[in-house]
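Labels below follow one simple rule: chain letters A, B, ... track the order of the sequence lines, proteins then strands, and each chain is numbered from 1.
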2 protein chains.
Amino acid sequence: MHEYDTYEEVLRSNGLKNTKHRNEILDLISKSEKPMTADDIYINLKKHNVSINISTVYRILDTLVSKNIIIKSNITGDSKALYELNRQEHKHHLICSGCRKMFTVDECPLEDYEKSLSNKLDFDITGHKLEIFGYCKECKNLYKDKK
Amino acid sequence: MHEYDTYEEVLRSNGLKNTKHRNEILDLISKSEKPMTADDIYINLKKHNVSINISTVYRILDTLVSKNIIIKSNITGDSKALYELNRQEHKHHLICSGCRKMFTVDECPLEDYEKSLSNKLDFDITGHKLEIFGYCKECKNLYKDKK
DNA sequence: TTAGTTGCAAATCGTTTGCATCAAG
DNA sequence: CTTGATGCAAACGATTTGCAACTAA
């Protein structure tokens with residue numbers, strides 16, 4: 001399975017034109033294990049000598065979000081939005097309040113909980129976002145006293 | 001226990017001066033069951049004939065966040081930050097993708113999960129944020145087909 | 001008195017938009 | 001050819017900042 005073909009298919013099957021920029025952005029996001037900001041993407045493309053405008057980056061991201069190909073979020077709490085591939089198997093993140101690094105966890109403990117909530121509240125649950133905060137191995141000692 | 005005394009104590013015990021504005025903002029946030037934006041707070045104060053500047057609202061919110069008295073987040077995904085009291089007993093929210101209303105749930109299924117994660121990853125967990133998305137009772141029928 | 005707090009206006013930052021040009025289908 | 005995609009510059013909205021005036025301690 002060749003990558004280009006895959007991205008093209010993703011785009012086509014969503015009624016989107018198959019442009020170079022869209023392919024490049026999809027490729028970047030697909031290959032990143034962590035959510036990226038619009039600027040991360042812009043900088044990264046520039047670094048690889050791709051000529052693109054920041055507003056185009058935003059427009060492409062919006063389009064991909066609207067088609068549910070990628071997910072927009074804001075975990076770290078700062079002002080920039082984060083974008084990540086909408087992968088079937090979802091992951092959660094641990095965010096270190098010390099160094100702001102993000103760690104990924106695979107397990108998700110919420111399936112049963114969601115079912116019971118769904119019944120109790122008559123709410124049709126489509127997804128969730130879980131972020132866990134704390135201090136990582138390296139930072140826990142440095143920040144221990146600040147508690 | 002009189003409210004004013006409480007807010008004053010919260011402020012003093014964090015080394016903050018006990019000002020009228022800080023009391024008013026703490027009072028507002030304490031009495032709201034849902035997270036508020038800086039603008040919500042500003043508008044609400046104005047409505048109650050409190051003369052305050054929007055930049056002061058932001059500054060007070062920043063200060064309270066830095067002291068961990070309130071929590072800053074961004075759940076709904078739009079550009080505005082949300083602020084809520086850092087309550088001991090925490091709650092989670094269901095957000096309706098249709099009408100954007102927020103529903104509050106009391107239970108939290110994550111304590112055991114956090115303990116096991118903490119051990120496994122040598123991460124010192126201090127808290128988490130869980131948001132669940134879907135369609136509420138009223139919207140689930142309207143949006144069912146858009147899936 | 002003095003360090004911390006506030007108002008005001010201007011600045012900043014992330015993001016969006018109008019419009020003319022360009023490229024995919 | 002026609003519709004949608006892009007670049008550019010200007011607009012926007014949320015938040016931040018510099019500075020002078022003020023107020024709690």
Q: Where each residue is assigned the nucleotide of DNA chain D containing its nearest heavy atom, which of B/Lys17 and B/Tyr83 is assigned the position nearer the 5′ end?
A: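 Nearest nucleotide further toward 5': that of B/Tyr83.
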Q: Could you state the atom-to-atom distance from CG of A/Asn18 to C1' of C/dC22 in whole Å?
A: 16 Å
Q: Check the distance between C/dG4's P and B/Asp62's CG and give it to me in whole angstrom.
A: 17 Å
Q: Roughly how many Å is it from NZ in B/Lys20 to P in D/dC22, rounded to a whole number?
A: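 My rounded result for the distance is 16 Å.
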Q: So, OP1 or OP2 of D/dT16: does either fall under 4.0 Å of a side-chain N or O from B/Arg59?
A: no
Q: Counting just side-chain N and O atoms, does A/Lys80 come under 4.0 Å of either OP1 or OP2 of C/dG14?
A: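 Yes.
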Q: Quick check on C/dG7: is either OP1 or OP2 less than 4.0 Å from any side-chain nitrogen or oxygen of B/His21?
A: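 It does, given that an N or O in the side chain of B/His21 lies less than 4.0 Å from OP1 or OP2 of C/dG7.
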Q: Measure from the ring center of B/His92 to the ring center of A/His128 and say whether it is less than 6.0 Å.
A: no
Q: A/Ser55 or B/Thr19: which one's nearest nucleotide on DNA chain D is closer to the 5' end?
A: A/Ser55
Q: Does B/Arg12 make a side-chain donor-acceptor contact with the base of C/dG4, cut-off 3.5 Å?
A: no
Q: Are B/Phe123 and A/Tyr135 an aromatic pair by the rule of ring centers under 6.0 Å?
A: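 That pair fails the under 6.0 Å test.
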Q: In whole Å, what is the span from the CD1 atom of B/Ile54 to the C1' atom of D/dT15?
A: 9 Å
Q: Roughly, in whole Å, what's the span from OH in A/Tyr42 to C1' in D/dT6?
A: 13 Å
Q: Given D/dA24, D/dC8, C/dG7, which nucleotide is nearest the side-chain atoms of B/Asn53?
A: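 Minimum distance to the B/Asn53 side chain belongs to C/dG7.
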Q: Tell me: OH of A/Tyr58 to P of D/dA11, nearest whole Å?
A: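 Spelled out: OH on A/Tyr58 to P on D/dA11 is 19 Å.
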Q: Can you tell me how far CG of B/Leu26 sits from CG of B/Asn18, rounded to the nearest 0.5 angstrom?
A: 9.5 Å
Q: Side chains of B/Thr37 and B/Asp39: donor-acceptor distance under 3.5 Å anywhere?
A: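 No, no side-chain donor-acceptor contact under 3.5 Å.
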Q: Please state how far atom CD1 in A/Ile60 lies from atom P in D/dA5, giving the value in whole angstrom units.
A: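 Roughly 9 Å, once rounded to whole Å.
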Q: Are there over 12 heavy-atom neighbours, none belonging to B/Lys137, within less than 6.0 Å of that residue's NZ?
A: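 For B/Lys137, atom NZ is not crowded (no more than 12 foreign heavy atoms under 6.0 Å).
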Q: Could you state the atom-to-atom distance from CG of B/Asp39 to P of D/dG13 in whole Å?
A: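 It works out to 12 Å between those atoms.
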